[in-house]
Amino acid sequence: MQQQYPFAEIEPRWRRYWEEEGLFHTDTDAAGNKYYCLMMFPYPSAALHVGHGRNYIIGDAVARYKKMRGYNVLAPMGWDAFGLPAENAAIKTGIHPRESTMRNIATMKRQLRAWGACYDWDREIASCHPGYYRWTQWLFLKLYEKGLAYKAAAPVNWCSSCRTVLANEQVVEGRCERCEASVEEKRMEQWFFRITAYAQRLIDDLERLDGWPERVKTMQRNWIGRSEGTVLEFDLTPRADNTPDPMTSVKCYTTRVDTIYGCTYMAMAPEHPALPDLVRGLATEKEVTEYSRQSARRATRDRMADEQQKTGVFSGRYVVNPYNQERIPLWVADYVLMDYGTGAVMAVPAHDTRDWAFAKRYDLAIRISIQNTEQSLDLTTMTAAYTDDGITADSGPFSGLPNRDAIARMTDFAKEQGFGGPMVHYRLRDWLISRQRYWGAPIPIIYCDDCGSVPVPENELPVRLPDNVEFRPTGESPLTASPAFMQTPCPACGKPARRESDTMDTFVDSSWYFLRYLSPRDEQQAVDTAACNRWLPVDQYIGGIEHAILHLLYARFFTKALHDMKLIGFDEPFAHLFTQGMICKRSEKNGQLYKMSKSKGNVVSPDALIAEYGADTVRLYTLFIGPPERDAEWNDQGIEGASRYLRRLWRRVYETRDSLRAVAGQPLPDPGEYTPAERELRRKTHATIQHVTQSMDGAFHFNAAIAQIMELMNILDTHDLGASAKETTRRIGREALETMILLLSPFAPHIAEELWVELGNPPGILKVSWPEVDPAALIQDETDIVIQINGKTRGRGRLTAGLKDEDVQRAVLEWDLVKKHTAGKTVRRVIVIPDKLVNIVC
RNA sequence: GCCGGGAUGGCGGAAUGGUAGACGCAGCAGACUUAAAAUCUGCAGGCCGCGAGGCCAUGCGGGUUCGAGUCCCGCUCCCGGCACCA
C-alpha cells in the first residue's frame, strides 16, 4: 500500500473490476425485491460538465446504496440521440448528424465511466438507432389506429430561425425556447397526438403520485389548466335585409355566469372562423376584415406584450342575451383568444378588468350585476371592475343570491332552457409532433392521390432515414430532396405515392424509452409486456426540473395510452421522482450566478478535475455541495475539502492497517469491558449508521450523510489504533473504520473498495450488506443534561442515563448551576425530558 | 393576479418542538520545515465586560408552548410555474 492516496492507479482498476464482475448487470427475469433506478437519458451534446454530473452521481449513489440494501437494482443508460443541434451542426460543418452523434456518445460514455457511474451497458439504447426508432414508428401507428394521432391544418408556431414548427411547450413568451427568435404563426398540415383526450386523467392521477415533488405536480396542473365554467349560446339577431346566415348563434365560455346580467356586449376573436360569414355583405365587412388581417399579423408577438392595448371594432351584428333577451352588440377584439374557450366571450365590464378597459376605451355600456355586501358599488364612483365575490343585483329572478350559488343556479337554468350548460375547459392543447427536420424518426405515413393517408405496413418498418441528403435550411425537411426516400408505392393500391417527409418531435422518442430497457434488442415487439409489468413503474426517476412539464407529461400520456392498448399493465411510469437542482457558477466577467452551461461559458469539465483529484473526490464534493434538490454554486475551492477528507482517510488506513488486520474477524469483546472512550466511539459508529441511513432513505440528503461520516472520522482520529493500542480499542476502531468505509462506498466507491481490501476483506464491497445499527451500542450510561431556567439555556451537566423523572429533578435541583439561578425563588414547575433536558420554571 | 418553493455566521449548509450554527469552505493564531507546500493543533455569530458572566441573534410583526429555526396567524423580499385563460 502506498503512503500517498494513488487515485489515478486505483480508480481505473476498480472500474475494470466492476465491469468484469458485471456488478450492474441485472437479471430482469427475476424481479423479486426489484428496484428500477432511472436517470433521464441525456442528449449527446459535445461533452458533459460537472453540472450534468450531479444527475449521474446522485443516481449512482442511490443505485449502489439500494444494491447494498439487498435490492435487485436495474440502472440502465441510453441516449436521447435525435435532435436539432446535431442537424444544425451538419448545416454548418457538413458533418452528418449520425457521425457527430456517435462521436458524442463515445465521449460521454467515457466520461460517465470515468465518474465511476455503473450501468448495465448491455441495455444501452440510442433513439436514433433503427432498432429503436422502428418501434417509435410502430407506436405512432398504434396511436393512429386508436385515433390518438391525427393530421390537421392548424395555426402553428413557426420559428424562422430553426426553420421548423414548435410545440406550444417550446414557445416561451412568444419566443423559441431553443434560439430565442420570435415565433410566427403559420397555417400548416401537421401531425398531432391527442393528449387532450387524457387531460382529466393526467390531472386526476397526479393525486396518486405521492413520490413526486409537489411543485412538479403543481406545474403540471397549471399547464393542463382545468377550468370549470358555463357555455352559453347567444342567438344572433337577423340581418336587416333578412338574408339567411350560415349560423344562427354564437357560443361563449365563462367562469362567471353569475355576472350575465351585467353583460353589455359580446367580443369575438379576430381569427374566429365564423367571422367572415357574419359580416359578409355588411357595411362593416371591410373594416372587420382589415382588422382581422392586422391582428393576425401582430398576433404572436404583440398580443403577448405586457402593456397590450386592447383594440377592437364593432362587427355590425347583434346577439341576444339568453337570460334577459337583451340585444347587445357583437365586437371583434384582439384581447379575445381563439385557442381558449370558444373564441368568444360575454363581456361584463363592471366585473372583469379586461372588459372594463375595453368598454372605457370604446365607450360601451357598463352595468353592475354583483354588489359587494355594503351595497356600495356605484358606477359614478367606480374606477375599476369589481371582480370579488358578492350578491347578485339587478339580475332578474336570480337577484339577491351569493354569487357562487348563482353560478350553479344560472348554469342549471341554461341547461334546462337548452341554451347552454356546464363545461369543463382545459388549457392543454394537442401535442404537435411534426418537425420539418431530418434528424428524427420519420412519420410512417404514405400519401396516395387515390387512397389518401395510408399507414406504412408494420412489416415494412422501420422507415429508414436515407444517408445521402443535403443539409440546407429550406423550411422543408431535407428528406423532401431525397427521391429515393420520398417515392414509394401506395401500400393500399400500389400506385406511385410519396412519403410523409416530416419527422417526429424528439419528445416522442423519450416518451417510452424507459420501457425499452427491459427488452432493448427485441426485434419482435416494442415492449416486453411481462417484463415491464414486473419492473415498472420506475421506483426512482432522477432528472432535472426543466423537464417538469414537457417530458414528464408526455411520458405519462404515453404510459396511459399504452396501458389502454393493454401493452402494459400500469398507467403511471414513475413512482418516485427526484429533481435535482442545477449547478451554477459565478461568471468571471460580471460576478453573476448562472446555470452552468456552454453558452454562458462557465462550465467546469470533469476530465481535468478527475485527473487532478480523482473521481471519488469529484463525486464526494458534488454530493456534499448542498441539498441535492436545491440549486448549488460550484466553488472551485470546495473540492479541496473533499480531497482532504479522502486523503486523510487513506492515511489513516495506511498507518493502522497492520494493527487492524491483526484483529480482523475477531468478535467484539463484552461491552462491560469497554472504557468510556471505547464505548463512546462505538456509540458514535452506530449513531452514524442510523443517521446516514435516515439521510439516504428520506430525501437523499447526501450532504448530511457525508457530514455524519466526517464527524465519525473526527472522533476516530482521537483514538490510537496503532500496534501499541489495546486490542479492544483496535477491534472497536476497526469496526468504526470499516463502517465508515461501507457508509462512504456509495459516494466514493473506488477508494472504499481499495481500503476495504487493505483492511483484509475480500474485494466486492457492493456485495457487502449495508451496516446495521446495534441498538445496544446506542445506549449511554451518562448523558448531557441541558439546564434551562424559565426556558433559557443556562448550562449543562452529566447525569446517569435512564433515571426516573423525579430522581432527575431531585439531582438537578442540587446542582450549583441550578441553585445559583433559583436562589430566593420558588420552583413552580420542573419539566424533564429524559436524558436530554430539564427546564425549571420559577 | 393565481399557484408552488425559499430566507439560518464571511460563504455552502446542519438541526424527530428540547444546547442554533454540526460538517465543510474561506479566515486567524500556533506546531513541524532553512522556507514553502502538505499535514497537525487551537480560535472563530454579534454586542458589553479584564474576567466570571450577561444581553442580542434563524427575513419582519404577532400567537400557541415550560421551551419555537421548527407549529399557527398576518406581512416583506427572493426564486420558479401559469397568465388578456374569459
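Order of the sequence lines sets the chain letters (A, B, ...), proteins ahead of strands, with each chain counted from 1.
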Mapping A:A642 and A:T254 onto RNA chain B by nearest heavy atom, which one lands closer to the 5' end?
A:A642
side-chain hydrogen bond (donor to acceptor under 3.5 Å, both in side chains), that's the test. Do A:D355 and A:Y335 meet it? Break it down for me.
CA-CA 9 Å; A:D355 298 342; A:Y335 77 93; 2.6 Å; yes
Quote, to the nearest angstrom, the C1' distance that separates B:rA44 from B:rC28.
8 Å
Between the side chains of A:W634 and A:D636, is a donor N or O closer than 3.5 angstrom to an acceptor N or O?
yes
Could you tell me the separation between the OH atom of A:Y621 and the P atom of B:rG12, rounded to a whole number of Å?
11 Å
Scan nucleotides 17-23 of chain B against the protein and return all N/O pairs shorter than 3.5 Å with their distances rounded to 0.1 Å.
from   : atom 1 : to     : atom 2 : distance (Å)
B:rG18 : N2     : A:Q788 : OE1    : 3.1
B:rU19 : N3     : A:R796 : NH1    : 3.2
B:rU19 : O4     : A:R796 : NH1    : 3.2
B:rA20 : OP2    : A:T793 : OG1    : 3.3
B:rA22 : O2'    : A:E711 : OE1    : 3.4
B:rA22 : O2'    : A:E711 : OE2    : 2.7

For B:rA86, take OP1 and OP2 only and decide whether either is under 4.0 Å from a side-chain N or O of A:Y253.
no
Do the side-chain N or O atoms of A:R256 get closer than 4.0 angstrom to the phosphate oxygens (OP1, OP2) of B:rA86?
no
Could you tell me how far apart A:L620 (CG) and B:rG12 (C1') are, to the nearest whole angstrom?
14 Å
What's the verdict on side-chain hydrogen bond (donor to acceptor under 3.5 Å, both in side chains) for A:Q200 and A:R226, showing C-alpha distance, side-chain angles and the deciding distance?
CA-CA 8 Å; A:Q200 191 58 49; A:R226 182 192 154 100; 2.4 Å; yes
Rounding to a whole Å, what distance do you find between A:D334:CG and B:rC85:P?
13 Å
Rounding to an integer number of angstrom, what distance separates B:rG13 and B:rU76 when you compare their P atoms?
25 Å
Please find out if less than 6.0 Å separates the ring center of A:F507 from that of A:W431.
no
Does A:R404 have any side chain to side chain contact (heavy atoms under 4.5 Å, CB included) partners at least two apart in sequence or in another chain, and if so, which?
A:D389
Could you tell me whether A:K217 contacts a base, only the sugar-phosphate backbone, or nothing, with contacts defined as non-hydrogen atoms closer than 4.0 Å?
nothing
Describe the nucleic acid contact of A:R651 in one word from base, sugar-phosphate, nothing, applying a heavy-atom distance below 4.0 Å.
sugar-phosphate
Rounded to whole Å, CH2 of A:W223 lies from C1' of B:rG80 at a distance of 14 Å
Nearest to the side chain of A:P627 - B:rA86, B:rG81, B:rG13?
B:rG13
Can you figure out which of B:rG13, B:rA86, B:rU39 approaches the side chain of A:R644 most closely?
B:rU39
Rounded to whole Å, CG of A:L428 lies from C1' of B:rC82 at a distance of 13 Å
For atom CD of A:E655 and atom P of B:rU39, their distance in whole Å
13 Å
Touch check for A:G225, heavy atoms < 4.0 angstrom, all strands: base, sugar-phosphate only, or nothing?
nothing
Using distance alone, with no hydrogens and no angle criterion, decide if A:S227 and A:Y253 have a side-chain donor and acceptor under 3.5 Å apart.
yes
Which nucleotide in the set B:rC55, B:rC25, B:rC40 lies at the smallest distance from any side-chain heavy atom of A:R794?
B:rC55
Do the two ring centres, one from A:Y645 and one from A:F624, sit under 6.0 Å apart?
no
Measure from NE2 on A:H272 to P on B:rA86 and round the result to the nearest Å.
17 Å
If I pick the C1' atom on B:rU8 and the same atom on B:rG45, what distance separates them, to the nearest angstrom?
11 Å
P atoms of B:rC75 and B:rG27, separation to the nearest Å:
44 Å
Read 5' to 3' with Watson-Crick or G-U pairs under 3.5 Å, [ ] for crossing pairs and | for partners on another strand, RNA chain B gives (((((((..(((.....[....))).(((((.......))))).((((....))))..(((((..]....))))))))))))....
Side-chain donor-acceptor contact under 3.5 Å, A:Y654 with A:Q4
no
For nucleotides B:rU70 and B:rA57, find the distance between their P atoms and express it as a whole number of Å.
13 Å
Assigned chi class of B:rG67 under the 90° convention is anti
Name the residue closer to the 5' end of RNA chain B, choosing between A:N790 and A:E633 according to the nucleotide with the nearest heavy atom.
A:E633
Side chains of A:T230 and A:T411: is there a donor and an acceptor less than 3.5 Å apart?
yes
When rounded to the nearest Å, what value does the distance between C1' atoms of B:rU65 and B:rG18 take?
12 Å
Could you pull out all residues at least two apart from A:Q780 that satisfy side-chain hydrogen bond (donor to acceptor under 3.5 Å, both in side chains)?
none
Report, as yes or no, whether the 6.0 Å neighbourhood of atom CZ on A:R798 holds more than 12 heavy atoms from other residues, nucleotides or ligands.
yes
Going by the side chain to side chain contact (heavy atoms under 4.5 Å, CB included) test, name the single residue among A:T656, A:L737, A:L681 that passes it with A:H719.
A:L681
Taking the P atom in each of B:rC82 and B:rC11, what is the distance between them to the nearest angstrom?
32 Å
Could you go over nucleotides 1-6 of chain B and give all protein N or O partners under 3.5 Å, atom names and distances?
none

Give a yes or no on whether the ring-centroid distance for A:F578 and A:F700 is below 6.0 angstrom.
yes
Expressed as a whole number of Å, how far does the C1' atom of B:rA37 sit from that of B:rC43?
23 Å
Candidate nucleotides B:rA14, B:rC56, B:rA26, ranked by approach to the side chain of A:Q637 - the nearest:
B:rA26
May I have the distance from A:I789 (atom CD1) to B:rC66 (atom C1'), rounded to whole angstrom?
12 Å
Set of residues satisfying ring-ring contact (aromatic ring centres under 6.0 Å, His included) with respect to A:Y362, sequence neighbours excluded
A:W331, A:F358
